[in-house]
Structures are given as C-alpha cells and as structure tokens.
**Q** 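Can you keep this structure in mind? I'll have questions shortly.
Per chain, numbering begins at 1; letters A, B, ... match sequence-line order.
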Protein chains: 2
Amino acid sequence: MGVTIYDLAREAGVGIGTVSRCLNGHPHVSPQTRARVLAVAKRLSYQPHAQAQRLASRRTNTISVIIPSFTNYFFVQVLQGVQDQAAEVGVDLILYSVSHPAQIEQYLGRSLHRGHVDGVLFFSMKLPESYAARFEQMHLPLVLVDAFHPSFDSIRVQNKEGSLAATRHLLSLGHRAIAMINASLSTQPAQERLAGYRMALEEAGLVFRMDRVVIGEAGKNDGFNREAGRESMRRLIAGNTGADRVTAVVIASDVQAIGALEATRAAHVRVPEDFALIGFDDIELAQYAELTTMRQPMYDMGQLAMEKLTKRMKEPGAPATLTSFLPDLIVRRTCGAALRAPVEGTALSPQWEAEASVPTA
Amino acid sequence: MGVTIYDLAREAGVGIGTVSRCLNGHPHVSPQTRARVLAVAKRLSYQPHAQAQRLASRRTNTISVIIPSFTNYFFVQVLQGVQDQAAEVGVDLILYSVSHPAQIEQYLGRSLHRGHVDGVLFFSMKLPESYAARFEQMHLPLVLVDAFHPSFDSIRVQNKEGSLAATRHLLSLGHRAIAMINASLSTQPAQERLAGYRMALEEAGLVFRMDRVVIGEAGKNDGFNREAGRESMRRLIAGNTGADRVTAVVIASDVQAIGALEATRAAHVRVPEDFALIGFDDIELAQYAELTTMRQPMYDMGQLAMEKLTKRMKEPGAPATLTSFLPDLIVRRTCGAALRAPVEGTALSPQWEAEASVPTA
DNA sequence: TGAATTATTGGAAGCGCTTCCACAAAGATA
DNA sequence: TATCTTTGTGGAAGCGCTTCCAATAATTCA
C-alpha cells in the first residue's frame, strides 16, 4: 500500500542504504545520487513510516506530558510554553490529563513501556515513590514541574518567598491584622505559602496567630477551589468582630480569591476599603477581577521544562537540577494600593531565577 | 537491554507465538500455559515495546489533535471531553496546537506520515483542500470539530440558530433597537451569527440596519478578542445619540463581550439598565462577569468527536455525518431579564442535537 | 605507474513484535 | 481400530526502517 524505501531504491537504481542516507541527510553520498533519490521520493510522494523508523532507530521523538486535568489557566499557559518549545525541537507531545488519582499510575505506567516515549514531563502532583525508582532503573528522562524529587530535574515556584512578598506588600500598606485563607496543609504549596505569610509577620514584629489562618474544606483540588474560597471568606467575615479586627487577607490561590470576592460582595463588605485582598497565581480571571496577586511565570516554566528534558535526553548522566522562579507581585485594585498611588498591573519585583544542583539521592 | 518475548519464551519453555498469544489474550492457549507465561512476564517485569507492536500490528492507538493555540477556555473544555473519551478507549493523543497558520499544514503533513497515527481530530480552522484530498487518498480517518467539509464527519454548533435565539431573547425583553458587535465576516461563525441576528429582527418586523453592526479590527483571532470588543463598544457608545438610540447589543463572542463590558464601565454606561448585553460561548469568565450568553456544549462536543473518530476507524466506508449542537441560552445579569424575573444561570432551552447524513462529495 | 587512501555504494542483519501456517496431541466419531 | 476434528503450540516470515560492514570506484601520493 505505502511506498517504501525499497520502491525508491528500485526506481532510482540504488540500494536501500543509500536511499536511507539520502533521506536522512547523512554525509558520504554524492550530490547527484542524493538529488536523484530525493526526486524519486517526491515523485512517488514517499512518506516514511514513523513506527518503523522508531523501531529501528530506537528514538521516538515523542514525550508524554502528565498534567492534572487542566481546566485551569495555569496549565494552559504552561502547556503552551511546552508546546512551543517542543515544536521548536520537533518533538511530539502525548497528553495525559489526570482527572482521577488512579490515572497517575496508569499514565506513568504507559510512559514506561519501552520505546513508548523518550521522556516525561510531570506536573503539579506527587510522584509515587515506586515509579521514581522505575524511572531511574529504566533510565527514562523525567522532569518535574511544580513538584520536587531529589533524583530528577525540577522546576518550581518559590511559594514561600511569594507569599512573603505578598504579606510584606500588605504590611507596607499599613495593615497590621492580616489573615490568611489557605488550602489543605497536606499539600506542599499550601505549607510553603503559609510559611511565607508567617515569616513576613514575624519579621515585622507581629505575632503569628493560627486562629487567623482559615483552611477551607478540602473538596476538589485540595481546597484550591472557588467554593472553598467563598466559604472561608464567609467564615472570616462572620467572626471578624471586636477590637483586633482583620483588615487584610492573603489568599493561597486566585481561584480561592475569586470565591472570596463573591463572599465579600454577598456580605456587602467593600474591597479594598474594608478588606484588602491579595491572591496567588495570576490566572486569567485575576485581571478581570482586578485582583492583586503573585504571578507565576507560567509560559516560561513550560518552555524551560521542555528545554531541561531535551538536555537530559542528551546527557542522561548529569546531576539533577532544581530551578526556582520567584513570582512577581502584580498590583491591581483589591489590595488597596491604588487608593494611595494609582499603579495598574505593574510588576514591582523583577522576575528572578535561581538554579541549584541537587545531590542525587 | 529490555526483556523481549524471546526471553519470556525461553524462560517459560514455550515458543514466541505462544507468548504473544498469552499476552494479548488470544484464545486457543491452555489456561496452564497462559498462567505460566504471565507469571514469567511479571517476574521479569516485561514491558512490551510499543513501537514494535505498532509496526507489526499496523495500528498505533494514537490520534493527533490539531487545535488552534488554546489559550482559551473553549478549547480546554472540548479537549477535556476528547481526552476523557480517549482514555476510555485506550487511545493516546498527540497534541498539535497551532499558533501560526503555516503550522496547520506542517502538522497535517506530519499526521499523514504512514503509521504515525490512526486518525486526526481537526478543530476550528479551515481544512486546506489539498490536504482534504490527501486524507481521502490515504484513507486516514478525520473528524472536524467546529469546521466543515463535505467529505468528512463534522461536529458543529448552530451559530445562526444561536444568535437567532440570543436576539429573540432581547426582543422578548422589549428591546427594539438592537445592535450587534461582530468579528471579521471572513470567518464563517461571524457570518452565521450575523445571519441569525438579522433573521430575528426581520421576523419581528424590524428593519435590519448594517450601520448597527459594528465589526472590530480583526487583529488576533479574526477579531474574536477582548481588545476588538472593547474598541467596538467604545465606538458604539460614542455614536449612540439621537432618537433611535440602541438599547441592547448582541455580541458574537464572550471574549468580545468581556471587552465590551470594560468599555461600558469606562464610559459609565450601566449594564443592563442603559445597555443590555448578550454574548456567545459561555467561557469561564462569563460566569464571573455575570454575562448572559449562548452556551456551547463544549465537553460533549469533544467527547462526541472522539466517538465519531473511533467509529470511523472501524467503518471507513460509512457516509460522512454532520452533527449540529444548538447552543443554550444562559440567562445572567447583563441582559436585564433579572430586572423582571430573577432567574440565575438557568438553561431555558434544552440542548438539542441534530444528525444528518451528508452526501460524500 | 603502482600502492595507499578516500569517497561512495549495496545490502545483510536486526529492531521486537504479530500472524500465519504447519504440525503434534488429544478427543470424538464411526 | 482407523479416521476425522479440535485444541494447543512452535517458529518462520515479515512489518519498514537504520546501521553496520564489506566492496567497489575514484583520487592522491611517492
């Protein structure tokens, strides 16, 4: 049915080896021969058979991307960075979006089939330890994004520094009683964001009070969701009486902040006059909601992830690296800074990138 | 390096054919033999070599998805439907997101490589005629979503009926001077949405006036973007004086409507009191912006697309089909209906699906 | 001019699997 | 008991390519 290199060889009066060399641009073929073979290939509209090439060459030029079910802007943006970089180097992406935890192992398992893919990008989830071992054993390149494991390259956002900066910003606006709305502390980002909040308070000489940290019902996405944000804010507003009233809130994610804004509206609480808010992530909605937030450089993270994976495929032995991105403070309406000096959507801190070698476990 | 069926055969004391039959669940193997082979496979942690299987079996269990650079919620949702259905039937997705027109042909070409994929899903773009011919010639299954070609299965949204319903809704609220903000009429959705608007006016005995149709600067995405919407609304507001003032606007997409809302806010025009708005698509932002809109059943479209492709791979000869989805009217704040009867986010019309056979060209 | 390189070329081997055909063993039928 | 089925099994062939190695032709060097 299809045209094979044997057909080309016969038609051009050369051997199959020569045909292969011509098609793949190898040296040591005379220009005339190459021209003739390519002409024949064109005339017969030859298409290489992808699977045969892959079987013979032992490279697939394909990687798999395992990502939480990406109904959210963060992943779309990161994925765009990955995709653009992949197109650049001619690699295909097989997409596995995980909507149920069991699928993590299922998809990792598929990726581990010999010859299925040349590498794997793994996003924002905990890498099961047993699979970590299998990746090492099979020498399959793996890069973690928004996740960490000592044996593999990873790319992270400095969550602690981010919420540190967010809290400092509220402090600099004069707030002294600052609460936090967080998601389940079983997740690392939630822990780290809490730590940054705490550190900012303490370095300002304020007391960290756990009763000012509102943890939403976990539910979907470990509590990083709108409903949890709405409910948390409702509780915060309800209990916010007395002399030591809270005047500002650091929220662990934008989706929660969006929910929180809905709660303020419902309770006729004015933002930012009665309550200053700051989120985390800078999702698309944040701009529309005029939410002050910490922006993650999503596109860049995706692009860098793909670059790291490419590099790793070339140099399997190199030590694992960790790159951290520092989120940018994006000042909009909800923090109240504009009440003093009207600055719209400006990045106050330059984006900063740290690279470090991690001792291989 | 890897464990092959030869290793299993030797270890289990059987032939390679038997091993293959055991692994693939073929009949005509004795239960004892099967158990023994599977035990050995497990012990040696055998992984089939994907490419070898594909080469030998001539099936890849992979399809490619060619989609416009999906920074928008519509595609994310559709893709989620595709992905879930693909996981269901055990098919891998190779994602090609097109950010530059030239990439359309590049990716289509890749998909046409023999043995690369078993089928293709093509989204929201015009299928180049030359490639249509090549798909037919190579008998490569192809399903179009939000696009149409007589030779292939397609899934569409009834744009005309959608904006007809949108316009009727505004008419039913008593508006008589209704404008439209549209994108470039070189695209089919824009044309169809215009036609529905016009039809609704005419069936209500009103005169269709082209000077009430504001077409934004094309720019990104043929004018389906926020800036175009903002600019269009600004022009509309600026020219909206005199006795025949416009009181409502049908907007061709939600992203434009979001831009339009920004323009109303900037001009201190109240929505819906001074200006009733209705969008199209029901993107995520629409809910937050309380935008009345026509919802496209995105997830279902994705799922159906994958189902059609699967069916087509099984029955290559069947005639091409066209399925149209009718968008739902989602009533929120911006149309002003709530000023009369407070109905929040309710679907007024049931979702409806039409199937029709299309004569193969 | 002859020997030694160097530039090309042909094609066998092999990637790891599926599938088919041939054949043996075990029942079933007469 | 002899013959026909059925069931189970082994392994060659082949999927279409890349990559060697050996062989040949062209060129250079002394």
**Q** Taking the axis from the first five pairs and the axis from the last five, what angle separates them in the helix from C:dT1-D:dA30 to C:dA30-D:dT1, rounded to 10 degrees?
**A** 40°
**Q** Nearest 0.5 Å please: distance from the CG atom of B:L304 over to the CZ atom of B:F325.
**A**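 CZ of B:F325 is found 5.0 Å from CG of B:L304.
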**Q** Provide, to the nearest angstrom, the distance between the CG atom belonging to B:L23 and the P atom belonging to C:dC17.
**A** 9 Å
**Q** Could you tell me how far apart B:R59 (CZ) and C:dC17 (P) are, to the nearest whole angstrom?
**A** 15 Å
**Q** Would you mind classifying the nucleic acid contact of A:S20 as base, sugar-phosphate or nothing, using non-hydrogen atoms under 4.0 angstrom?
**A** base
**Q** Whether B:S57 contacts C:dC17 is assessed here as follows: a side-chain N or O lying under 4.0 Å from the phosphate OP1 or OP2. Is that the case?
**A** no
**Q** Can you tell me the distance, in whole Å, between the CZ atom of B:R114 and the P atom of D:dG16?
**A** 6 Å
**Q** In the 5'-to-3' direction, what one-character label does each nucleotide of nucleotides 20-25 of chain D receive under the scheme B = base within less than 4.0 Å of a protein heavy atom, S = sugar-phosphate only, - = no such atom?
**A** B-----
**Q** Salt bridge check: are B:D92 and A:R110 linked by an N-O gap of less than 4.0 Å?
**A**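 So B:D92 pairs with A:R110 through a salt bridge.
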**Q** Is it the case that the side chain of A:S20 and the backbone of A:I16 share a donor-acceptor pair, with hydrogens and angles ignored and the cut-off at 3.5 Å?
**A** no
**Q** OP1, OP2 of C:dT9 versus side-chain N and O of A:T33: anything below 4.0 Å?
**A**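 It does, given that an N or O in the side chain of A:T33 lies less than 4.0 Å from OP1 or OP2 of C:dT9.
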**Q** Kindly point out which of D:dT18, C:dT19, D:dC15 is positioned nearest to the side chain of A:N24?
**A**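 For the A:N24 side chain, the nearest candidate turns out to be D:dT18.
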**Q** Going by distance alone, is a donor N or O of one side chain under 3.5 Å from an acceptor N or O of the other, for B:Y46 and B:D7?
**A**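 Side chains of B:Y46 and B:D7: no pair found under 3.5 Å.
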**Q** Heavy atoms within less than 4.0 Å of DNA chain C: which residues of residues 45-53 of chain B have one? Give them sorted by number.
**A**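 Per residue number, the list reads B:Y46, B:P48, B:H49, B:A52, B:Q53.
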**Q** Parallel under 30°, tilted from 30 to 60°, perpendicular over 60°: which one fits the rings of B:Y96 and B:H116?
**A** tilted
**Q** Does A:R58 or B:R58 map to a spot on DNA chain D nearer the 5' end, using the closest nucleotide for each?
**A**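 Final value for this comparison: B:R58.
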**Q** May I have the distance from A:R54 (atom CZ) to C:dC17 (atom C1'), rounded to whole angstrom?
**A**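 Taking atom C1' of C:dC17 as the reference, CZ of A:R54 is at 16 Å.
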**Q** Nearest whole Å is fine: how far is D:dC17 P from A:H26 NE2?
**A**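 Whole-Å distance recorded here is 14 Å.
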**Q** Students often mix this up, so state it plainly: with edges at 30° and 60°, are the rings of A:F123 and A:F75 parallel, tilted or perpendicular?
**A** perpendicular
**Q** Looking at residues at least two apart in the chain, or sitting in another chain, which of them share a side chain to side chain contact (heavy atoms under 4.5 Å, CB included) with A:D146?
**A**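 In terms of side chain to side chain contact (heavy atoms under 4.5 Å, CB included), with neighbours along the sequence ignored, A:D146 is linked to A:F74, A:S124.
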**Q** Rounded to whole angstroms, how far apart are CD1 on B:I16 and P on D:dG8?
**A** 20 Å
**Q** Side-chain polar contacts of residues 32-41 of chain A - donor-acceptor pairs under 3.5 angstrom, sequence neighbours left out - could you list them?
**A**
from  : atom 1 : to    : atom 2 : distance (Å)
A:T33 : OG1    : A:S30 : OG     : 2.6
A:R34 : NH2    : A:H26 : O      : 2.5
A:R36 : NH1    : A:A12 : O      : 2.4

**Q** Quick check for you: among D:dT18, D:dG16, D:dG8, whose closest atom lies nearest to any side-chain atom of A:L55?
**A** D:dG16
**Q** Mapping A:G13 and A:Y6 onto DNA chain C by nearest heavy atom, which one lands closer to the 5' end?
**A** A:G13
**Q** Nearest to the side chain of B:V14 - C:dT19, D:dG10, C:dC17?
**A**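 Of the candidates, D:dG10 comes closest.
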**Q** Name all residues meeting the side chain to side chain contact (heavy atoms under 4.5 Å, CB included) criterion together with A:S45; count only those two or more places apart in sequence or in a different chain, and write none if there are none.
**A** none
**Q** Would you tell me if any nitrogen or oxygen in the side chain of B:S30 comes within less than 4.0 Å of OP1 or OP2 on D:dT9?
**A** yes
**Q** Counting only side-chain heavy atoms from C-beta out, which of D:dT9, D:dT18, C:dC15 sits nearest to A:I5?
**A**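 Within the option list, the nearest is D:dT18.
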**Q** Round to a whole Å and report the spacing from CZ of A:R34 to C1' of C:dT8.
**A** 12 Å
**Q** Given atom CG of A:N61 and atom C1' of D:dT18, what is their separation to the nearest angstrom?
**A**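 Distance check: A:N61 CG to D:dT18 C1' gives 14 Å.
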